[in-house]
Amino acid sequence: MMQTPASMVMGIVFAPLGLVLVFTAAITPQWREGQARLNIGGTGSLLRSGAKGQGLGVRSGSVEALLLLRSDGLWESCLQVEQSELKQCWPVAGPYQRDARVRLVQGLVLTSLFLCGIGIVLACIGVRCWTDLPLRRVAASGGLLVVTAGLLSLTGLGVYTHNLRRLGVDPSQGLSNPRFPQLSLNPAGSLYFGWLGSCLQVLGGVALLFSFKRPRCPTCPSRQEQTVCPACHSCPEMTSKTDMDVYEVSC
């Protein structure tokens, strides 16, 4: 009975896992994050009294401060008060949305997800789901699309990581934010999910590319120059074995 090649099994496992991780990274708003300490001054401030009510105020001399957590993704940004349930998210807007590098990463990630999905479909068709023989060229074509998808997402992640602290920042204002002067941005969890998923896509696609290789038919022990295939039963020593694994139909 014929078995599915290990390279196909590896590819059909790694490619969907990579797709799920890249998709998770794309829809979550934790590509970069930073903390900002917001000073609250003046008596009778509503925000100050609200912070006192939840025990969130940090007194520094006569001025209270709130620690805010800011995170940005490809399509959404969030702001949260530390150690509280106060959180607000909104679609990306302003200079960050208009930044050409952010738009480039968005396009690369979307294209990567589309190509990887098509590649997985082709791989599933080629990996002998309902036929006796795997469709090697179909599976390998799917692997090529999966590899391309992984490289596109890796490119997008590289562009974002390289420009992480400069995305959406007006060059005339430098790296400082006028509203949150102490905000420092760093890579966040979604970025790591994207890197891992992209690497799995490349590994799975490369494994499927090995499907292009034509396995060799077993040779007849008495005549080494002649091969044995299901279509040509010319070796009595081997055709008598019913449990022989044969892969190809043509020699």
Side-chain angles (χ1 to χ4, degrees), residues 14-36 38 66-121 145-202 204-205:
F14 281 3
L17 182 57
L19 176 64
V20 170
L21 290 174
V22 174
F23 178 76
T24 302
I27 63 175
T28 50
Q30 281 83 34
W31 282 59
R32 67 178 186 178
E33 62 183 6
Q35 297 181 352
L38 180 63
L66 287 178
L67 189 60
L68 302 179
L69 305 178
R70 168 70 181 267
S71 61
D72 293 314
L74 293 182
W75 286 275
E76 191 177 42
S77 297
C78 294
L79 189 64
Q80 180 179 7
V81 179
E82 189 183 38
Q83 299 179 353
S84 77
E85 297 181 356
L86 298 176
K87 183 177 182 180
Q88 183 177 5
C89 296
W90 61 91
V92 293
Y96 182 79
Q97 180 190 26
R98 296 190 296 268
D99 195 304
R101 293 162 295 191
V102 175
R103 292 178 175 270
L104 173 63
V105 176
Q106 290 175 342
L108 289 174
V109 171
L110 289 178
T111 305
S112 170
L113 293 173
F114 178 73
L115 291 180
C116 188
I118 296 179
I120 291 173
V121 171
L145 290 179
V146 173
V147 170
T148 304
L151 294 177
L152 288 176
S153 56
L154 283 174
T155 302
L157 289 163
V159 171
Y160 194 96
T161 303
H162 181 70
N163 301 282
L164 186 140
R165 293 177 177 86
R166 296 188 292 269
L167 295 174
V169 176
D170 188 351
S172 61
Q173 295 180 355
L175 298 180
S176 61
N177 190 309
R179 293 185 60 188
F180 305 110
Q182 301 176 6
L183 182 64
S184 59
L185 297 169
N186 300 293
S190 299
L191 206 57
Y192 300 123
F193 275 110
W195 283 110
L196 178 59
S198 301
C199 292
L200 288 177
Q201 285 179 343
V202 173

Just jot down the side chain to side chain donor-acceptor pair (under 3.5 Å) partners of Thr148, sequence neighbours excluded, or say none. none

What heavy-atom pair brings [X] and [Y] nearest, and what distance separates the two atoms?
X	Y	value
Ser198	Leu157	OG-CD1, 3.4 Å
Lys87	Gln30	NZ-NE2, 4.5 Å
Gly194	Ala25	N-CB, 3.6 Å
Arg165	Leu185	NE-O, 3.0 Å
Tyr192	Pro187	OH-CB, 3.7 Å

Taking atom [atom1] of [X] and atom [atom2] of [Y], what is their separation to the nearest 0.5 Å?
X	Y	atom1	atom2	result
Gln35	Arg70	CD	CZ	14.0 Å
Leu19	Phe14	CG	CZ	15.0 Å
Asp72	Ser190	CG	OG	11.0 Å
Glu33	Cys78	CD	SG	11.0 Å
Gln80	Cys89	CD	SG	8.5 Å

Decide yes or no for [X] and [Y]: does some side-chain heavy atom of the first lie under 4.5 Å from some side-chain heavy atom of the second?
X	Y	result
Trp75	Pro91	no
Phe193	Val22	no
Leu69	Leu79	no

Would you be so kind as to tabulate the donor-acceptor pairs closer than 3.5 Å made by side chains of residues 106-121, with sequence neighbours excluded?
unit_1	atom_1	unit_2	atom_2	d
Gln106	NE2	Leu74	O	2.5
Thr111	OG1	Gly107	O	2.8
Ser112	OG	Ala149	O	2.7

So, applying side-chain contact (heavy atoms from CB on, under 4.5 Å) with Trp31, which one of Val102, Thr161, Leu191 is it?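 Of the listed residues Val102, Thr161, Leu191, the side-chain contact (heavy atoms from CB on, under 4.5 Å) partner of Trp31 is Leu191.
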
Output all residues satisfying side-chain contact (heavy atoms from CB on, under 4.5 Å) with Asn163, sequence neighbours left out; order by chain, then residue number. Arg101, Val159, Arg166, Leu167

